[in-house]
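Written below as structure tokens is the structure these notes are about.
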Amino acid sequence: MVDRIADPWGERTPYGPGQEWPVRVDRYLADGRGDADVDRWVQSASVLHSNGDAMDIGVADGRIVGVRGRAVDRINRGRLDPKDLYGWQANHSPDRLTRPLVRDGDRLVETDWDTAMGRVVARSRELLDGPGGWGHFGFYTSGQLFLEEYYTLGLIGKAGLGTPHMDGNTRLCTATAAAAMKASFGTDGQPGSYTDVDHCDAIALWGHNVAETQTVLWMRMLDRRRGPNPPAMLAVDPRATPVAREADLHLAVRNGTNMALVNGLLREIVRRGWYDRDYVDAHTLGFDELCRVIDGYPPRRVAEICDVPAADVERAAELLGSSQRLLSTVLQGFYQSNQATAAACGVNNLHLIRGMIGRPGAGIYQMNGQPTAQNTRETGADGDLPGLRNWDNTKHIEELARLWNVDVDMIPHWAPPTHAMQIFRYAEQGSIKLLWITATNPAVSLPDLARIRRMLARPDLFVVVQDLFRTETAELADVVLPAATWAEKTGTFTSVDRTVHISDKAVDPPGEARTDLDIFLDYARRMDFRDRDGQPLIPWTGPEEAFEAWKECSRGRPCDYTGITYERLRGGGSGIQWPCTEEHPDGTERLYTDGTFNTDPDYCETYGNDLATGAEFTESEYRAKEPRGRAFLLTVDYQPSPEVPDDDRPMLLTTGRTVYQFHTRTKTGRAPQLNQAAPDVWVELNPDDAARLDIAEGDLVAVSSARGAIQARARLCGIRPGVVFVPFHYGYFDQDPGDRTPRAANELTITAWDPVSKQPLFKVAAVAVAKLADGRGVPAPAPTVGGSAPPADAHVPPTVGGPAAEATSGKE
Amino acid sequence: MHLAHYLGLLHRAQVNLADAFRQVADAHAEEPDIRHLCQRQAKLCDAYAEQLQPFAARYAEDAPDEPDRLHSQLFSGTRTGGIGLLRDLQDLYLMAAECDIAWTVVGQAAYGVRDEDLLAVVRRCEGQTALQLKWLRTRMKAAAPQALVVAD
């Protein structure tokens with residue numbers, strides 16, 4: 001038995017370079033059940049983080065009773081994240097929505113589907129009537145639906161209503177990954193494969209606390225670190241995360257200065273001759289211009305800007321420059337910070353100039369945050385077009401028009417799809433009048449929540465919320481549609497390393513809850529969307545038909561799914577990496593193996609942007625560069641964040657995650673083992689800052705910014721001086737309304753975004769910190785596991801799960 | 001030699017543009033990208049103006065009287081709302097365009113007087129001015145349909 005709350009990563013199974021990662025099957029069955037108590041196992045994968053771990057759902061008497069990892073799967077080889085072991089229990093939560101709700105004054109009242117959908121359709125028809133009607137519709141979707149649902153939603157928006165105002169919460173987590181890959185390589189699409197961990201000799205983690213966000217990927221890295229010839233490890237993170245503690249070298253940079261760091265590292269690598277001149281000449285563009293910019297970042301200047309020792313910058317360059325098989329992973333410390341896209345491109349530059357791409361162990365993971373974010377991007381349910389097409393390439397739009405049998409100009413292609421923060425701005429200004437939110441919770445997850453609540457509460461904005469629970473956002477809706485979730489529906493989704501999994505329906509949804517696909521199809525039918533020949537715009541009625549339609553949309557594009565079928569995803573194996581075609585029936589492990597990138601002008605997903613402003617380049621400017629399959633080396637000078645500390649607000653706030661919670665806790669907050677491990681918000685302080693402010697472990701603290709203030713108990717731990725951390729998971733749904741204290745991290749965050757990826761900046765808000773009340777020796781409700789781990793001498797009781805969290809783990 | 005006048009024209013155009021960027025940033029602070037990027041562009045314009053200063057001084061000695069109507073007035077304050085934003089960005093666009101063509105003219109003159117230092121400044125700055133134009137065009141293209149067709 002293992003307590004996977006006390007030890008989220010479980011037992012090590014060490015292995016050496018080039019060896020296969022050993023199998024370890026993790027399993028949790030509730031209420032002391034054993035395998036014999038399970039009627040059947042149903043194939044699925046995780047939707048509580050972005051790693052894409054494959055699992056089987058155990059069903060008995062028509063209910064889920066537990067889960068186990070799939071030993072045959074290439075991603076997890078049987079292992080599961082604690083969120084997957086315990087999180088499924090949220091499906092059974094007694095407060096699941098089982099009937100639609102509609103607004104009646106200041107209340108939401110239960111109703112039937114006809115009434116609820118009738119209201120949505122009536123308002124839609126009213127708004128669509130007249131020129132510019134399309135512009136009154138906004139869609140804000142998720143990174144947790146299935147591919148088939150996104151594709152259907154994308155089609156409704158782009159060819160049914162003709163609106164560009166559709167984005168996903170993927171904008172908050174992974175927009176920069178997509179933007180950086182488009183900028184460097186021509187299109188989205190992860191070059192690497194998770195198996196690169198098996199082969200690498202160095203791992204660099206750029207703002208990526210993988211130990212808490214993708215625990216199974218971390219297990220793989222740890223198993224290499226405990227085996228023979230382990231990879232060297234570099235961590236860039238202002239916090240002392242488990243990754244930073246494990247790493248051979250930790251650069252605790254000042255928040256918002258990543259750009260200076262990557263420029264400085266590139267300079268060292270070029271000057272010390274640790275780059276591959278032949279690869280640069282044959283496969284890249286822009287080396288001289290890159291050198292001109294990075295030349296301004298000698299280690300001493302980097303040390304000054306980033307506030308790390310110059311010698312550590314040199315050591316980091318040596319670690320990166322001396323490796324033969326370098327693996328990089330990038331996440332929110334870069335994506336949600338200042339100069340996000342440019343800094344993420346800096347990591348791409350590192351791999352390009354060293355030729356560390358497209359071979360075993362030499363890989364890049366521009367990670368995703370949301371579980372199915374990859375599909376939001378691929379299918380065009382966010383700020384991208386279906387099949388990773390280029391909105392500025394008329395031929396690409398014509399392909400979509402032919403496929404959907406609609407007029408070219410029905411599809412909005414005069415500018416890129418509207419990004420999330422701009423959609424909310426249009427709603428605030430009153431030009432978007434219907435906002436349809438699916439499976440996400442902007443009332444807790446977007447920056448500057450007071451403003452977001454004001455927008456959603458506007459009387460002239462008709463808000464539709466499609467969710468499992470009455471979230472903080474649902475409370476502000478005009479119509480709430482009860483949705484079925486994972487395990488209650490069938491569909492596919494794709495991991496960071498392009499592995500496509502199927503998730504089959506295991507049980508019925510509760511009450512009258514319907515799948516998101518069925519809700520979208522019902523809307524399309526009621527709206528009577530038609531193609532050019534008067535036939536229904538969306539001919540499919542179920543997930544497999546939707547998948548087949550998507551395959552045609554993906555044909556010939558980088559994310560080609562044409563060789564994948566539901567049958568193949570189910571048959572014995574577990575997961576296929578796109579592109580998967582007739583010529584490559586088993587999928588494709590790595591992209592760009594021959595150094596040819598997707599930068600051909602007729603194929604690329606973008607003609608490029610200026611990284612400092614987002615200014616778009618034209619097709620003719622792009623063609624003039626004659627990319628010929630070469631990748632772009634792009635960089636800019638460091639610029640300070642839009643908000644920096646001052647006398648009134650002398651500290652920097654960064655927000656983030658714990659291993660036990662996902663997003664706004666809609667599910668994990670309803671799984672007892674997970675919620676008890678991290679039940680309430682906390683604020684992390686460096687002990688030196690705390691001493692100066694007379695704050696001790698457990699004291700109640702006020703954190704305030706120009707936007708608002710929150711209260712949280714203090715955890716003294718290894719965060720860098722001058723920086724405070726607040727987890728963004730905690731909203732208000734489980735607080736007593738009469739006894740509510742402001743606690744959501746996003747009450748504090750600034751409304752600002754990266755000029756290219758449009759990803760909001762959650763890592764750089766200026767705040768003041770003050771003590772409110774003595775904790776009387778009671779420690780903060782922060783886990784002792786992960787980034788919030790207190791020093792060993794702090795005498796904080798360890799986070800454990802106890803008997804309720806007993807899981808098994810071992811060889812099958 | 002009239003170069004000093006055109007340097008003066010460009011210098012004042014950069015100073016005016018910096019000022020206009022700041023005014024637009026303040027007037028449309030509710031549009032965070034406008035606010036932050038306009039503030040940044042204003043600083044760049046300040047820097048360009050500063051780099052022109054020594055050349056303006058150097059060539060002023062040889063200059064005859066300033067010709068009539070050398071300077072143009074392209075900005076008379078900000079507006080509000082969606083279409084107001086569009087109009088303000090259009091003003092910035094025209095002002096940046098004035099700078100853009102003035103860089104070209106000054107660059108040509110720099111060739112004429114064989115002034116390598118001035119040429120270096122022109123080369124550094126004219127590309128950035130072109131990017132400002134590009135950014136303004138990009139932002140206006142995205143905003144136009146909503147402001148002109150959709151908004152009440």
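Below, chains carry the letters A, B, ... as their sequence lines are ordered, and counting in each starts from 1.
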Close side-chain approach of [X] and [Y], heavy atoms under 4.5 Å:
X: A/Glu621; Y: B/Lys134; answer: yes
X: B/Leu131; Y: A/Phe617; answer: yes
X: B/Glu30; Y: A/Gln429; answer: no
X: B/Asp33; Y: A/Trp753; answer: yes

Closest approach of B/Gln146 and A/Ser431, non-hydrogen atoms and distance?
-> NE2-OG, 2.9 Å

Which heavy atom of B/Ala143 sits nearest a heavy atom of A/Tyr426, and at what distance?
-> CA-OH, 4.0 Å

Looking at A/Pro642, A/Ala415, A/Gly133, which makes the most heavy-atom pairs under 4.5 Å with chain B?
-> A/Pro642

Partner chain B: residue of A/Ile750, A/Asn609, A/Thr618, A/Thr613 with the largest heavy-atom pair count (under 4.5 Å) |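 Ranked by heavy-atom pairs under 4.5 Å with chain B, first place is A/Thr613.
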
Side chain / backbone / both / neither for [X] at chain A, heavy atoms under 4.5 Å:
X: B/Arg35; answer: neither
X: B/Asp152; answer: side chain
X: B/Gln41; answer: side chain
X: B/Arg137; answer: neither

Toward chain B, the part of [X] with a non-hydrogen atom under 4.5 Å:
X: A/Ser641; value: backbone
X: A/Pro640; value: backbone
X: A/Lys758; value: neither

To the nearest 0.5 Å, what is the distance between [atom1] on [X] and [atom2] on [Y]?
X: B/His36; Y: A/Thr751; atom1: NE2; atom2: OG1; answer: 8.5 Å
X: B/Thr138; Y: A/Asp610; atom1: OG1; atom2: CG; answer: 9.0 Å
X: B/Ile34; Y: A/Arg425; atom1: CD1; atom2: CZ; answer: 10.5 Å

Would the number of heavy atoms belonging to other residues, nucleotides or ligands and lying under 6.0 Å from [atom1] of [X] be above 12?
X: B/Phe75; atom1: CZ; value: yes
X: A/Arg453; atom1: CZ; value: yes
X: B/His71; atom1: NE2; value: yes

Decide yes or no on side-chain contact (heavy atoms from CB on, under 4.5 Å) for A/His136 and B/Val150, but give the supporting numbers first.
-> CA-CA 7 Å; A/His136 298 313; B/Val150 180; 3.6 Å; yes

